[in-house]
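Worksheet: the structure to be examined is printed underneath.
Here the structure is a predicted model, which means the values were calculated and not measured.
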Amino acid sequence: MGTRLNIGAPSDYRLARDVCSYGYFRLAPDRWDVDSQSLRTTFDLDDGPARAHIVEHDRGKLRVWFDRSLSHAEQRTARAYIRRMLRLNESQEDIAAFHSVDPRWKSSGRGRIFRSPTLFQDMVRTITSCNVTWKSTQNMNRRLCDVLGRAGAFPRPLRLARARAGTLRGRCRVGYRDRRLIELARLFASGQIDEQWLEDPEHPDEQVYRFLLKLPGIGPYAASNIMQLLGRYSRLAVDTELMRHGREVLGFAGTESEVIAQLQAHYEPFGKHRFRSYWFEMWTAYEAKHGPACQWQ
DNA sequence: GGTAGACCTGGACGC
DNA sequence: GCGTCCAGGTCTACC
């Protein structure tokens, strides 16, 4: 008999809208179940992997079923993972503050952007999304889980830190990212990356950004994206998607640096919420083209 | 400080 | 089926 957890969420939380808000919901081990409009994933917990099925039970109430019994310590860890993934730390007031700056998303309620259960997983996912098509990103993450994860869960830092570069390259198909991922995993495994320090609002964005830039495999785009994954939305993550959005959706023209300048000016009024304004603008354009993300197969 | 080219995978395309 | 080209962000060597 498995464990069932009830998890309280802000009353404005909507599982389908807020999970299907960022591409990571389609990366292993996460899987959105279109039929039941619920999230399935696997966590690597202290006593072993556990499959989780997260459903919206009622307004502001989530229910999670696990395929095995969890100890109390494991339940605490699983709750923390789920709260992080779903951004349940962002209150209704936080989202209202965003909507007061950018009212375009007030009626839909958009504001939370899905992320991973751990910062390590967010960083690995970001690195595997660099310099490749989305299909390759999906393949890399699936293989990392299949080859190095326990029962299909995402590998923990220590497991990745001890992996051989040849395994990552040959079996996980991460290419030149092999050594960079191992170095990053070693930094996590040895406690040299302090998530609390990175999230502490006392530390200015610029300081955190500079720290991230020094990490292996992380350049300007990845660092900016990790900033938003840390809940710091003031920076735009400049990649080809942003450039395409600027040219095709917003109609900006000129050289790359000229388009970037126009994008910076366009999002300037949204201040510390710049990334969210950009992201939901682009996500809305995606959905207009491909249908609601919660229906994507 | 700025820039060119290498690093890889996987898809598209031509033969 | 095979070879070639290209997209994609980071890193390093070089100016």
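Per the geometry, CD belonging to A/Glu241 stands 14 Å off P belonging to C/dA7, to the nearest Å. For the pair A/Arg177 CZ and C/dG8 P, the computed distance is 14 Å after rounding to whole Å. For A/Ile226 and C/dG9, the CD1 to P distance is 14 Å, given to the nearest whole Å. In this entry the distance linking CD of A/Glu183 with C1' of C/dC11 reads 12 Å, nearest Å. A/Met123 has its CE atom 13 Å from the P atom of C/dT10, to the nearest Å. One can place CE of A/Met243 at 10 Å from P of C/dG9, the figure rounded to the nearest angstrom. Rounding to whole angstrom units, CD1 of residue A/Ile127 and P of C/dG8 are separated by 20 Å. Atom CG in A/Leu181 sits about 13 Å away from atom P in C/dT10, given to the nearest Å.
Nucleotides of DNA chain B that come within less than 4.0 Å of any heavy atom of chain A span, from the 5' end to the 3' end, B/dC7 to B/dG11.
Taking the six-membered ring where tryptophan is involved, the planes of A/His273 and A/Phe98 are tilted, since the angle between them lies from 30° to 60°.
Between A/Val124 and A/Leu160, the closest side-chain pair of non-hydrogen atoms falls below 4.5 Å. Counting heavy atoms from C-beta outward, A/Trp65 and A/Thr3 have side chains that stay 4.5 Å or more apart.
Residue side chain A/Tyr176 reaches the base of C/dG9 through a donor-acceptor N/O pair under 3.5 Å, judged by distance alone.
Residue contacts for A/Arg179: at a heavy-atom cut-off of 4.0 Å it reaches no nucleic acid atom on any strand shown. Using a 4.0 Å heavy-atom distance criterion, A/Leu168 is classed as making no nucleic acid contact. Here A/Ile218 lies in heavy-atom contact (under 4.0 Å) with sugar-phosphate atoms only. Residue-level contact check: A/Thr240 touches the backbone only, with heavy atoms under 4.0 Å from sugar-phosphate atoms and none from bases.
Between A/Trp105 and A/His99, a ring centre-to-centre spacing not shorter than 6.0 Å is recorded. Between A/Tyr81 and A/Phe43, the distance from one ring center to the other falls under 6.0 angstrom. Taking the six-membered ring for Trp and the full ring otherwise, A/Trp134 and A/Trp296 have centroids separated by 6.0 Å or more.
Checking A/Arg173 against A/Asn131, the closest nucleotide of DNA chain B that is more toward the 5' end is the one next to A/Asn131. Residues A/Arg180 and A/Arg244 both approach DNA chain C. Their nearest nucleotides, taken by heavy-atom distance, put A/Arg244 toward the 5′ side. Heavy-atom distances to DNA chain C give each of A/Thr133 and A/Ala222 a nearest nucleotide, and the one nearer the 5′ end belongs to A/Thr133.
Direction change of the helix axis from one end of the helix from B/dG1-C/dC15 to B/dC15-C/dG1 to the other is 30°, with five pairs defining each end axis (rounded to 10°).
Counting non-hydrogen atoms of neighbouring residues, nucleotides and ligands closer than 6.0 angstrom, the CZ atom of A/Arg247 exceeds 12 such neighbours.
In the hydrophobic clustering of this structure, A/Phe154 does not group with A/Leu39; members are Ile, Leu, Val, Met, Phe, Trp, Tyr whose side-chain heavy atoms approach within less than 4.5 Å, directly or through other members.
The line from OG of A/Ser91 to CZ of A/Arg112 is 7.5 Å long, rounded to the nearest 0.5 Å.
OP1 and OP2 of C/dG9 both lie 4.0 Å or more from every side-chain N or O belonging to A/Ser129.
Using a 3.5 Å distance cut-off with no hydrogens or angles, the side chains of A/Glu56 and A/Ser38 do not pair a donor with an acceptor.
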